[in-house]
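Have a look at the structure below, then the notes.
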Amino acid sequence: MKIATWNINGVRARIENAVAWVREAQPDIVGLQEIKTVDEGFPAAAFEDLGYNVAVHGQKGFNGVALLSKLPFDEVNRGLPGDSTDEQARFIEGVFSVPSGALRVVSLYLPNGNPIGTEKFAYKLAWMERLRRWAAERLLTEEPLVMGGDYNVIPEPRDAKDPSLWTGDALFQPESRQALRAIENLGFTEALRATTDEGGLYTFWDYQAGAWQKNNGIRIDYLLLSPRAADRLVSVGIDKHVRAWEKPSDHVPVFVELAL
DNA sequence: ATGGTTGGCACCCAA
């Protein structure tokens, strides 16, 4: 079972890339982030034609997440619990039937939080605490859970080409990194770090200042695995080559292979 | 080099 996450930065502007990558990678389940459209604007037919079921949690202009799945959805949950006033579409959960039972897959778009010292940074940290509480509750099910997404947190210095560029950025604040560790410490395995200690593995390169050409990247997209999912981990990959395509997203897909 | 690029939308905002 191949499960992927990809911040696509506008699914309508990126539909040709998206279809090309799905055809090439043949993932079973994909979480998309920053689709930047309402539900009705999502190009579902393009993915249905490739054999996928589609679940969308959209928003006008900004944010928005979706799940594509070759398996039928048994259940879909939209929105991160914990704040009924939050109108930002950043979280969707799908439940699927696999031979071993239920599989839960999340597509999340964690708030960027810049600039620090503003309500945006406070919202980021509050959102992360909500995610921690939600995840703690889900772990009680002892089912395989895969939380993939754009976490907007650089976990460690080795996850940036030049960490000094990010010292004042919300993505690399001690509070952001600590909040990420608090989620992982519930018992999650960050898939890529379960397989390698290598630095220099990035998932995002800014459009500006020739970041891609200079390989000035950061690793902010990953998949957290519950213990039952981590037990089944076979491999992890980053589809870096997609960043070199015409009209690319500034993020690339990340995927895990699980033996479920 | 405190720069510059993109998507969505409607004039700048978010990233």
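Sequence lines set the chain letters: A, B, ... in the order given, protein chains first and strands last, and positions in each chain run from 1.
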Qualifying residue for side-chain contact (heavy atoms from CB on, under 4.5 Å) with A/Val153, from A/Glu175, A/Gln173, A/Lys124, A/Arg181 = A/Lys124
Distance, rounded to the nearest Å, where A/Arg12 contributes CZ and B/dG7 contributes P = 12 Å
Just to confirm, is there a sub-4.0 Å distance from OP1 or OP2 of B/dA14 to any side-chain nitrogen or oxygen of A/Lys120?
-> yes
Can a side chain N or O of A/Arg14 be found less than 4.0 Å away from OP1 or OP2 on B/dG7?
-> yes
Taking CH2 from A/Trp245 and P from B/dT6, how many angstroms apart are they, rounded to a whole number?
-> 18 Å
Please step through side-chain contact (heavy atoms from CB on, under 4.5 Å) for the pair A/Leu108 and A/Trp134, ending with a clear verdict.
-> CA-CA 12 Å; A/Leu108 68 88; A/Trp134 179 89; over 6 Å; no
Would A/Trp245 and A/Trp21 count as a close aromatic pair, with their ring centres under 6.0 Å?
-> no
Among B/dG7, B/dG4, B/dA15, the nucleotide that comes nearest once only the side chain of A/Lys247 is considered = B/dG7
Between B/dA15, B/dG8, B/dT5, which one does the side chain of A/Tyr207 approach most closely?
-> B/dT5
Per A/Lys60 side chain, nearest of listed nucleotides B/dG4, B/dG7, B/dA10 = B/dA10
Flag for A/Asp169-A/Asn114: side-chain donor and acceptor within less than 3.5 Å | yes
Specify the separation, in whole Å, of atom CD of A/Gln59 and atom P of B/dC13.
-> 17 Å
Whole angstrom is fine here: how far is it from CG in A/Asn63 over to C1' in B/dG7?
-> 13 Å
N/O donor-acceptor pair under 3.5 Å between A/Arg12 side chain and A/Ile35 backbone = no
NA contact type, A/Phe204, heavy-atom cut-off 4.0 Å: base, sugar-phosphate, or nothing?
-> nothing
P atoms of B/dC13 and B/dT2, separation to the nearest Å | 23 Å
CZ of A/Phe62 versus C1' of B/dT6: gap in Å, rounded?
-> 13 Å
Quick one: on DNA chain B, does A/Gly61 or A/Gln88 contact a more 5' nucleotide (nearest heavy atom)?
-> A/Gly61
B/dG3 versus B/dG7 - spacing of their P atoms, nearest Å | 23 Å
In whole Å, what separates the C1' atom of B/dA15 from that of B/dG4?
-> 13 Å
